[in-house]
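For reference, the structure is listed below as structure tokens.
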Amino acid sequence: MADAGASDAVVAAAGSGTGAEAGAARRSGALPSLRARRRYAAVVGGLSLLSLLSVAGVLAWQNPLPAGSEGFWRIAGLRASSLVVIVVVAFCQATATVAFQSVTGNRIITPSIMGFESLYRLVQTSAVFFLGVAGLDLVRGVWQFLLQLALMVGFAAALYGWLLSGRYARLQIMLLIGIILGGGLGALASFMQRLLSPTEFDLLTARLIGSIANADPRYLGVAIPLVAAAGGLLWLGARRLNVIALGRETAVSLGVDHGRHRIVVLLLVSVLMAVSTALVGPMTFFGFLVAMIAYQLSDTYDHRYLFPVAWLTAFAVLAGAYFVLKHLIYAQGAIGVIIEIAGGTFFLVHLLRKGRL
Amino acid sequence: MPDPADSRRAAAPRPPALVPPGTASARDGLRRGRLLSWPLLAGLVVTAALVALSLFVGVYDIFGGRDGSAMFGITRVPRTVALVLAGAAMAMSGLVMQQLAQNRFVEPTTTGTTEWAGLGLLLVLILAPGAPLLGKMAGAILTAFAGTAVFFLFLRRVSLRSSLIVPIVGIMLGAIVSAISTFLALSAGLMQTMGAWFLGSFSAALQGQYEPIWAVLVVVVAVFIAADRFTVAGLGQDIAANLGLHHGRIVLLGTGLIAAASGIVTVVVGNLPFLGLIVPNIVSLFRGDDLRSNLPWVCLLGIATVTACDLVGRLVVMPFEIPVATILSIVGAAVFVLLLLRRRRHG
């Protein structure tokens, strides 16, 4: 792993923001000044506080039993499983989107448009189409969950292997082909949806809109280790991601095997996205929203600092939205859609303000 | 010392006295490329054959059936007219959009225009459920115009490193708009209606329902008239201004025409995905990039593609139908991917 060592050395030389040995006079890197470090700490503190408030809100709000009693904790325990789902989904979406945007060198796209969601829609729709309402139950279960994951990751891997290796590897063509194939699958799904009876369609719709309620706690036992492995590898490779984000030429001249690491990162991203989609359903713009807020808040390029802020932001946003929509205005079914619209609006504004792509 | 006025006249494209009339027209023909040629005639015949086939394919036997001729007038003729008009209009709006955006991969589906039109239609359905078809069309056209304008605004503001970013951003834009549509449809209980409405199909093109689609004929004619201007605008703002063209005005005209075509077709037929993308690209693969002489080809190929897809949809699961949009998106996605792979190989 000569390249990894080289990149580490370079990044360490360029960005030893936390190292005490770097003098105060000449310091460059992720968080160059005391002020930047304080700002970062304040951001992390603020986000943690928000997250804690949301957690407390979800667990304790309108809990009918007195706080601290045995029954209180039992109810809180029932509610806690949706918090675990939120933690997992927030981690998946945040890490995957940040890594994906760095690898593609483009901060306005999200990995979820790459066909994962269309595949999910197609699987769920065909279940109802071919097996009726009972089909929706047949696609629930740990093995079915794993099968869906394998399908999505396999799709992504086939795409990368086909289009990102060899002489003509071009990332943007791969992205576009992924999107177009997704569109083709989506068209099949909407054709089948057209033939469903209204009852079947209603049941299906609930499944096709991102919602925490879609998650089956049984899946968590499979999902958490997978996510921890894929996400852990991405976090461990954070320094290498810093180099890759500089662009292909720079990365290669710094000794990183750009092509290979790009495929590895994209595969890990596809695992995370597949888990998130199979767990709660499609959430197209959530990752985009979170990544954009995280860039603004953390104000650094260094993924070692970006990832935690992105995760915290995602958790705060999702748990906060869940709390407000479920316990305050009783509209929990629409969480996915409302986050989509917020994310989409940000996207539009961002698009028209940005100067270069 | 020649008279300056004379030399100016000599530089004009058709000097009246210096060249004999026959030579002038020959040079004219050489310069612009012959419009009517044998291949075009052959294309015309093939398209006409497909259109004629569309008139006679269907579940109801129009020759043996009791009300054969009446059925012919009620369903077959309207359906075929709708196919011809929608096919021509969508293919040509794709072409115009590609010229104006200077990008081969844009068309109403990849820029969000159709999603915007759908949003407008949905808004009318929610706010004024009893609105006539004309009101729905107006809503769809207005939002399609706004959405296309947003897209062109984005193109003007952002400097791009790669032309492939444009369709990616456009598709993202469309995804947002359809997320908003989904939310609205969900809260109004219109999800399935919306899905069925947007999935383009000509099965509802009947006498008494399809007539508004005649309006896209205006778009088709307008594109033919303004073709040269769109070609010049496609050279970029600076060159267009140098040649004495008000670039902004042409973009506005193009946006209006595209919005009108997408709005009307969305309301009467539904989405026709990828049509505007694959047809102009295939034509320019064979014929190069002269918009004016390509227009008849784009028009014909658009008609032929939609008609062929509709015929397949009618025949495969007879007596049922597969919506033309389903077939078009599968065929279109395949062709689009092939075009991308081709481009990949050629840098």
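Residue numbering restarts at 1 for every chain, and letters A, B, ... go by the order of the sequence lines. Keep in mind that this is a model prediction, so the values were computed, not measured.
- Proximity to chain B is limited to the side chain of A:Thr205, based on heavy atoms less than 4.5 angstrom apart.
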* Might you work through the side-chain contact (heavy atoms from CB on, under 4.5 Å) test for B:Val337 and A:Leu176, ending with a clear yes or no? => CA-CA 8 Å; B:Val337 168; A:Leu176 204 50; over 6 Å; no
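- Rounding to the nearest 0.5 Å places CD1 of B:Ile165 at 7.5 Å from CG of A:Leu175.
- Residue contact with chain A, scored on non-hydrogen atoms closer than 4.5 Å, is absent for B:Val331.
- More than 12 heavy-atom neighbours from other residues, nucleotides or ligands sit within 6.0 angstrom of OH on A:Tyr295.
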* side-chain contact (heavy atoms from CB on, under 4.5 Å) between A:Ile179 and B:Met172, worked out -> CA-CA 10 Å; A:Ile179 296 171; B:Met172 290 271 290; over 6 Å; no
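- Contact count against chain A (heavy-atom pairs under 4.5 Å) is highest for B:Pro323 among B:Pro273, B:Pro323, B:Ala179.
- Both the backbone and the side chain of B:Ile168 come within contact range of chain A, with heavy atoms under 4.5 Å apart.
- Considering only heavy atoms from C-beta on, A:Phe288 stays 4.5 Å or farther from B:Ile176 through its side chain.
- Both the backbone and the side chain of A:Ile180 come within contact range of chain B, each with at least one heavy atom under 4.5 Å from a heavy atom of that chain.
- Ranked by heavy-atom pairs shorter than 4.5 Å toward chain B, the options A:Pro198, A:Gly183, A:Gly184, A:Gly186 are led by A:Pro198.
- Residue B:Leu328 does not touch chain A at all, counting heavy-atom pairs closer than 4.5 Å.
- With a 4.5 Å cut-off on non-hydrogen atoms, A:Phe285 touches chain B through its side chain but not through its backbone.
- If you measure heavy-atom distances from A:Ile177 to chain B, the contacts under 4.5 Å come from both the backbone and the side chain.
- Interface remark: A:Ser197 contributes backbone atoms only to the contact with chain B (heavy atom separation under 4.5 Å).
- Proximity to chain A (any heavy atom under 4.5 Å) is restricted, for B:Ile171, to the side chain, taken from C-beta onward.
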